[in-house]
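Every heavy atom of this structure was used, including side-chain atoms; hydrogens, water molecules and symmetry mates were not. On a predicted model such as this, the values are computed, not experimentally measured, just so you know.
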Amino acid sequence: MSDNDTRRPENEPKPILNIPAGNSPITPDSAPGVLPPDERRTGNIFKDSWTAIKRIRPVEDFKNLGNIPCVRNSLLYGIGTGVGIGAVRFLGTRVVSSASNWAVFSFCAVSLGSWEVCQKQRREELAKQRIIQERFPHRHVSRLKKKGEEYEAPSPSATEQK
């Protein structure tokens, strides 16, 4: 295998797909299965739980909520469904507690369901993009620009001969 060859040997495992948030580049994890020292468990349930609780930062998390892929649409679907089902349930039974329980449950179920579906579609799309980038490394425009060359589309006859 040459130095310029981007294909992996058959026996080498594929790197874990690191799904980026926002416009972050797709990069494989440094080493599959190896966690950074601050994320490793110590075996002490109280110390591990305390470490996990200290990492929660509600203000920062809510500020960055819009940067997480699929969250906006999932929350909008959940809110709409929760309001709709809660209103229908209230009009049918005239019991506020029952209507609010149905509204909260439907909000949670639809939000989680639509988020999972969106994440699955996103993972599949990123996997397809990775396959295309590995299969056709010479067709990436940014690599041509890095080399200082102008992008020229290949002629149809050149692609048919390959």
Identify each donor-acceptor pair in which a side-chain atom of residues 80-96 lies under 3.5 Å from a protein atom, sequence neighbours left out, and give them as a table.
{"unit_1": "Thr81", "atom_1": "OG1", "unit_2": "Tyr77", "atom_2": "O", "d": "2.8"}
{"unit_1": "Arg89", "atom_1": "NE", "unit_2": "Ser98", "atom_2": "OG", "d": "3.1"}
{"unit_1": "Arg89", "atom_1": "NH2", "unit_2": "Ser98", "atom_2": "OG", "d": "3.3"}
{"unit_1": "Thr93", "atom_1": "OG1", "unit_2": "Arg89", "atom_2": "O", "d": "2.8"}
{"unit_1": "Thr93", "atom_1": "OG1", "unit_2": "Val95", "atom_2": "N", "d": "3.3"}

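- Closest approach of Ser97 and Ser100 over heavy atoms only: O-OG, 3.0 Å.
- Every residue meeting the side chain to side chain contact (heavy atoms under 4.5 Å, CB included) condition with Leu65, not counting sequence neighbours, appears here in chain and number order: Phe62, Ile68, Val71, Leu75.
- Take Cys70 and apply the disulfide bond (SG atoms under 2.5 Å apart) test, not counting sequence neighbours, and it matches Cys118.
- Of the possible polar contacts, none joining the Ser111 side chain to the Cys108 backbone as a donor-acceptor pair under 3.5 Å is found.
- Considering only residues two or more places apart in sequence or on other chains, Glu60 meets the side-chain hydrogen bond (donor to acceptor under 3.5 Å, both in side chains) condition with none of them.
- Taking CG of Leu126 as the reference point, atom CZ of Arg130 lies at 8.5 Å (rounded to 0.5 Å).
- You'll find the side chain of Arg72 reaches within 4.5 Å of the side chain of Leu76, heavy atoms only.
- Applying the side-chain hydrogen bond (donor to acceptor under 3.5 Å, both in side chains) criterion to Lys47, with sequence neighbours excluded, gives no partner residue.
- For the side chain to side chain donor-acceptor pair (under 3.5 Å) criterion with Glu124, the lone passing option out of Arg122, Gln121, Lys128, Lys120 is Lys120.
- Taking the side-chain hydrogen bond (donor to acceptor under 3.5 Å, both in side chains) definition, one finds that Asp48 meets it with Thr42, sequence neighbours left out.
- Atoms OG1 and CZ, from Thr51 and Phe46 in turn, are 13.0 Å apart once rounded to the nearest 0.5 Å.
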